[in-house]
Amino acid sequence: MKKVVLVVKDNNCASNDPCALCGKRTDPSCGPELFLEGTWSLVCHECGEKHAPGLVRLLDLARNAEEYYLAQWGTH
Ligand SMILES: [Zn+2]
């Protein structure tokens, strides 16, 4: 099996593509998201858990931090 390499890139908000690995609908948000390395193919967090759990945790942290920021100081 080919090794799947995932990277975190800044999503430009334009795409709402299915997951490149399982084909399920993704629910992408603006800001950092998971992509297949070398492509702009979105990968859902379920697949991310399988191949790069550390990156998924990182994204969760980033999202929580953003929510906290918005709750404290409103929109940016
Ligand atoms: Zn998937």
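For this chain, numbers begin at 1 and follow the sequence in order. Order of listing sets the numbers, starting from 1, for every ligand and every atom in it.
Under the side chain to side chain donor-acceptor pair (under 3.5 Å) criterion, K24 pairs with E46, sequence neighbours left out.
In this structure, the separation between CG on L21 and NZ on K50 is 8.5 Å, given to the nearest 0.5 Å.
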Starting from the C-alpha separation in whole Å, work towards a yes-or-no answer on side chain to side chain contact (heavy atoms under 4.5 Å, CB included) for F35 and V43.
CA-CA 5 Å; F35 294 91; V43 173; 5.8 Å; no
Mind running side chain to side chain contact (heavy atoms under 4.5 Å, CB included) on L6 and L36 for me, showing each step along the way?
CA-CA 5 Å; L6 301 181; L36 274 181; 3.9 Å; yes
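Annotation: R25, atom CZ; neighbour count of heavy atoms from other residues, nucleotides and ligands within 6.0 Å does not exceed 12.
With waters left out, the protein N, O or S atoms under 2.8 Å from the Zn ion (ligand 1) add up to 4.
In terms of modelled atom types and a separation under 3.5 Å, the side chain of T26 and the main chain of D17 share a donor-acceptor contact.
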